[in-house]
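Worksheet: the structure to be examined is printed underneath.
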Amino acid sequence: MKKRHHRGRPKGAGDIIEGIEVTEMAAEGKAMGRAGDKVYFIDGAVPGDIIDLKISADKKSYAEGIPERYLKYSDLRVQPFCSHFGTCGGCKWQHLAYETQLHFKHKQVKDALERIGKVTLPPINTILPAPSDTFYRNKLEYTFSNKRWLTPDETGTEGKLDRNALGFHIPKRFDKVLDIKQCYLQPDPSNSIRLAVRDYAMSKGLAFNDLQAQTGLLRNLVIRTAGTGQIMVILQVYRFDEIEMPAILDFLSEKFPEITSLNYVVNNKGNETFHDLDVICWKGREFIEEEMEGLIFRVGPKSFYQTNGAQAHALYNIALRMAGLDGHELVYDLYTGTGTIANFLARKAKKVIGVEYVEAAVEDARLNAGHNHLNNTAFFAGDMKDVLNDDFIAEHGRPDVIVTDPPRAGMHADVVDTLLRIGAERIVYVSCNPATQARDVALMDEMYEVTEVQPVDMFPHTHHVENVVLLNKRK
């Protein structure tokens with residue numbers, strides 16, 4: 001392997017490392033290769049590739065980079081099916097066969113629990129594949145921009161091109177948006193709605209979002225599709241134009257009568273989040289509904305619901321099975337969100353108590369419990385490490401089973417300490433980040449043993465993997 005240096009750059013940045021063999025998939029979906037005692041993390045490559053690597057960041061024990069040239073392509077590669085692959089930052093593993101993706105996700109879980117957790121493990125269950133590896137998402141957010149990302153063959157002709165776009169942000173470029181022609185993530189009519197909105201806006205000369213100046217009219221488009229067939233659309237704008245807004249909303253309503261909840265939100269803040277803003281329902285109901293084993297979950301514009309609804313059903317059944325409920329247990333559901341797992345478990349438990357940081361999510365959880373006539377649930381809002389204390393346990397009872405589904409950062413150390421003081425018979429730990437899950441499991445190893453591990457693929461063609469661990473109290 002040869003290293004070619006370039007003058008005028010910081011040491012390492014821009015250097016070319018020749019002939020690196022890619023051997024593994026590593027954290028955050030990057031590939032990995034070695035040269036001597038140095039590890040290289042590589043965007044876009046797969047195990048089996050041999051490449052010349054261009055360094056983008058050089059640290060003491062590792063470096064990061066992108067392939068400058070492929071000397072040999074891996075046999076693991078397949079042809080990506082999306083024309084936007086390689087530019088859009090969404091489905092970065094499309095160049096791997098789905099079975100290969102599952103192999104690396106299973107390995108990611110195993111490596112995290114063994115290398116970070118360092119606990120005794122049972123044989124890890126085969127990863128549960130998604131029922132479909134395309135059109136599996138029930139929510140997508142698109143951004144309007146008047147500065148469309150240009151393809152390499154368009155560069156230099158900016159003045160001759162229409163620069164409006166409605167699509168996804170380019171990775172690491174908040175100010176550039178890729179105009180999406182066809183997306184394979186969400187079922188129809190998602191693509192048709194997005195294209196119709198874009199074409200209508202361009203034909204009427206409506207001002208697309210200027211992401212740097214934060215000016216224009218059209219800012220963001222959110223489309224939610226439910227397994228029940230119901231559809232929600234949210235159009236986010238900088239201001240309510242008395243002429244243009246009714247026109248575009250009525251256009252959407254007439255062209256897509258299948259939209260059951262048509263909404264808009266005025267947002268002139270510095271970001272696109274609208275959890276603290278009013279969402280106005282223009283036509284239809286203020287929510288859509290998801291159904292799961294006879295339970296109906298109302299999903300509003302601000303509600304969280306698992307993005308892969310079909311696979312979420314499988315995930316909840318795994319949690320239910322691991323919880324081992326016979327109808328007599330008090331269950332704590334920590335980081336309950338909108339209470340989907342809590343309400344799913346409630347039919348098999350004596351009582352379920354959910355705790356969640358976001359007040360609006362707790363309100364959704366209570367509403368969903370009421371709609372489903374579940375009178376054995378209770379939900380509380382607040383920071384987990386503050387809410388879940390000895391007084392709370394004394395008031396509501398010591399749980400027999402705990403289900404915890406924390407954010408990617410895992411559980412706060414104070415929460416782990418509280419779980420150890422509670423000493424429930426079983427803990428079902430659902431995680432979207434096997435690394436932080438492994439860290440937390442290690443902290444509980446003295447009291448709890450891992451008796452089952454079940455990886456679940458929620459997001460095909462990405463490196464993300466969900467994992468469920470059953471912890472049983474040591475005898």
Subject >> Residue pair N271 / T273, side-chain donor-acceptor N/O under 3.5 Å >> reply: yes

**OP:** Any chance you could measure L53, atom CG, to I20, atom CD1, to the nearest 0.5 Å?
**Re:** 5.0 Å

Original post:
CD of E449 to CG of L471: how many Å apart, nearest 0.5 Å?
Top reply: 9.0 Å

**OP:** For residues F297 and S303, determine if any side-chain heavy atom of one lies less than 4.5 Å from a side-chain heavy atom of the other.
**Re:** no

Subject >> Which atom of V78 lies closest to which atom of A97, heavy atoms considered >> reply: CG2-N, 3.6 Å

**OP:** For atom NZ of K302, decide whether the heavy atoms of other residues, nucleotides or ligands shown that lie under 6.0 angstrom number more than 12.
**Re:** yes

**OP:** Sort and list the pairs that fulfil ring-ring contact (aromatic ring centres under 6.0 Å, His included) and have at least one residue in residues 426-475, not counting sequence neighbours.
**Re:** F81-H461

Subject >> T338 side chain vs F304 backbone, donor-acceptor pair below 3.5 Å >> reply: yes

**OP:** Determine, stepwise, if the pair Q186 / I223 fulfils side chain to side chain contact (heavy atoms under 4.5 Å, CB included).
**Re:** CA-CA 9 Å; Q186 190 175 27; I223 302 174; 3.9 Å; yes

Original post:
Side chains of V428 and V468: closer than 4.5 Å at any heavy-atom pair?
Top reply: yes

**OP:** Give a yes or no answer on whether the side chain of E24 reaches the backbone of P47 with a donor-acceptor pair at less than 3.5 Å.
**Re:** no

Subject >> Contacts of Y70 that satisfy side chain to side chain donor-acceptor pair (under 3.5 Å) - sequence neighbours left out >> reply: R77

Original post:
Which residues pass the side chain to side chain donor-acceptor pair (under 3.5 Å) test with E114, sequence neighbours left out?
Top reply: K110

Original post:
Are more than 12 heavy atoms from other residues, nucleotides or ligands located less than 6.0 Å from atom NZ of K72?
Top reply: yes

**OP:** Keeping to residues at least two apart or across chains, list the side chain to side chain donor-acceptor pair (under 3.5 Å) pairs with something in residues 465-475.
**Re:** Q437-N467, D445-R474, T451-N472

Original post:
Is a donor on one side and an acceptor on the other found under 3.5 Å between the side chain of R408 and the backbone of C432?
Top reply: yes

Original post:
With no hydrogens and no angle check, is any side-chain donor or acceptor of D49 less than 3.5 Å from a backbone partner on E21?
Top reply: no

Original post:
Say you draw a straight line from CG of L121 to CD1 of I124; how long is it, rounded to the nearest 0.5 Å?
Top reply: 5.5 Å

Original post:
Is R198 paired with D179 through a side-chain N to carboxylate O contact shorter than 4.0 Å?
Top reply: yes

**OP:** Can you see which heavy atom on T225 is nearest to which on R137, and at what distance?
**Re:** OG1-O, 3.9 Å

Original post:
Within a strict 4.5 Å, meaning less than it, do heavy atoms of the V387 and Y357 side chains meet?
Top reply: no

Subject >> Exam field: side chain R148 to backbone D162, donor-acceptor pair closer than 3.5 Å >> reply: yes

Subject >> Member of Y136, F85, F135 meeting the ring-ring contact (aromatic ring centres under 6.0 Å, His included) criterion with Y184 >> reply: F135

**OP:** Decide yes or no on side chain to side chain contact (heavy atoms under 4.5 Å, CB included) for Q94 and C82, but give the supporting numbers first.
**Re:** CA-CA 8 Å; Q94 266 191 39; C82 179; 3.4 Å; yes

**OP:** Grab the two heavy atoms, one from R219 and one from N267, that are nearest each other, plus how far apart they are.
**Re:** NH1-O, 2.9 Å

Original post:
Is a side-chain donor or acceptor of W93 paired with a backbone partner of Q101 at a separation under 3.5 angstrom?
Top reply: no

**OP:** Can you measure from CE (M322) to CD1 (I427) and round to the nearest 0.5 angstrom?
**Re:** 13.5 Å

Original post:
Under a 4.5 Å cut-off applied to non-hydrogen side-chain atoms, are R194 and L166 in contact?
Top reply: yes

Original post:
In Å and rounded to the nearest 0.5 Å, what is the CG to CZ distance from L295 to F344?
Top reply: 7.0 Å

Original post:
Is there a side-chain contact between V403 and L334, using heavy atoms and a 4.5 Å cut-off?
Top reply: no

Original post:
About how many Å separate CZ of R439 and NZ of K118, when rounded to the nearest 0.5 Å?
Top reply: 15.0 Å

Original post:
Considering all heavy atoms of both residues, which atom of P460 and which atom of S132 are nearest to each other, and what is their separation?
Top reply: CG-O, 3.9 Å

Original post:
How about R224 and I231: do any of their side-chain heavy atoms sit closer than 4.5 Å?
Top reply: no

Original post:
Using 4.0 Å as the upper bound for N to carboxylate O, is an ion pair formed by R69 and D52?
Top reply: yes

Subject >> Under 3.5 Å donor-acceptor, D15 side chain and I55 backbone >> reply: no

Original post:
Side chains of V331 and L325: does their closest heavy-atom pair fall under 4.5 Å?
Top reply: yes

Subject >> Test applied, side-chain hydrogen bond (donor to acceptor under 3.5 Å, both in side chains); reference residue, K147; option that passes from N209, D175, N164, D210 >> reply: D210

Original post:
Hey, is the main chain of K181 close enough, under 3.5 Å, to the side chain of H84 for a donor-acceptor pair?
Top reply: yes

Subject >> Side chain proximity check, L140 to L185, heavy atoms < 4.5 angstrom >> reply: yes

Subject >> Non-hydrogen atoms of P434 and A112 that approach each other most closely >> reply: O-CB, 3.6 Å

Original post:
Tell me the side chain to side chain donor-acceptor pair (under 3.5 Å) pairs involving residues 415-427, sequence neighbours left out?
Top reply: D390-R421

**OP:** Considering non-hydrogen atoms only, spot the tightest contact between I180 and L195 and give its length.
**Re:** O-CD2, 3.9 Å

**OP:** Considering only NZ, NE, NH1 and NH2 on the basic side and carboxylate oxygens on the acidic side, decide whether E64 and K30 come within less than 4.0 Å.
**Re:** yes

Original post:
How far apart are the C-alpha atoms of V453 and V109, what are their side-chain angles, what is the distance that settles it, and do they pass the side chain to side chain contact (heavy atoms under 4.5 Å, CB included) test?
Top reply: CA-CA 9 Å; V453 180; V109 170; 4.0 Å; yes

Subject >> Enclosure of K269 NZ (heavy-atom neighbours >12, cutoff 6.0 Å) >> reply: yes

**OP:** Output, in order, the C-alpha distance, side-chain angles, deciding distance and verdict of side chain to side chain contact (heavy atoms under 4.5 Å, CB included) for N138 and T307.
**Re:** CA-CA 5 Å; N138 54 37; T307 314; 4.1 Å; yes

Original post:
So F144 and F208, would you call those rings parallel, tilted or perpendicular, with 30° and 60° as cut-offs?
Top reply: perpendicular

Original post:
Are D188 and S190 linked by a side-chain donor-acceptor pair shorter than 3.5 Å?
Top reply: no

Original post:
Between N308 and M458, is there a donor-acceptor pair closer than 3.5 Å when you use the side chain of the first and the backbone of the second?
Top reply: yes

Please tabulate, for the side chains in residues 311-321, all donor-acceptor contacts under 3.5 angstrom to protein atoms that are two or more places apart in sequence or on a different chain.
{"unit_1": "Q311", "atom_1": "NE2", "unit_2": "L128", "atom_2": "O", "d": "3.3"}
{"unit_1": "Q311", "atom_1": "NE2", "unit_2": "P129", "atom_2": "O", "d": "3.1"}
{"unit_1": "Q311", "atom_1": "NE2", "unit_2": "D457", "atom_2": "O", "d": "2.9"}
{"unit_1": "H313", "atom_1": "NE2", "unit_2": "E293", "atom_2": "OE2", "d": "2.8"}
{"unit_1": "H313", "atom_1": "NE2", "unit_2": "N317", "atom_2": "ND2", "d": "3.3"}
{"unit_1": "N317", "atom_1": "ND2", "unit_2": "E293", "atom_2": "OE2", "d": "3.2"}
{"unit_1": "N317", "atom_1": "ND2", "unit_2": "H313", "atom_2": "O", "d": "3.4"}
{"unit_1": "R321", "atom_1": "NH1", "unit_2": "E452", "atom_2": "OE1", "d": "3.1"}
{"unit_1": "R321", "atom_1": "NH1", "unit_2": "E452", "atom_2": "OE2", "d": "3.2"}
{"unit_1": "R321", "atom_1": "NH2", "unit_2": "E452", "atom_2": "OE2", "d": "2.8"}

Original post:
Among side-chain atoms of T126 and H106, is any donor-acceptor pair under 3.5 angstrom?
Top reply: no

**OP:** Examine distances only and state if a side-chain atom of E356 and a backbone atom of A381 form a donor-acceptor pair shorter than 3.5 Å.
**Re:** no

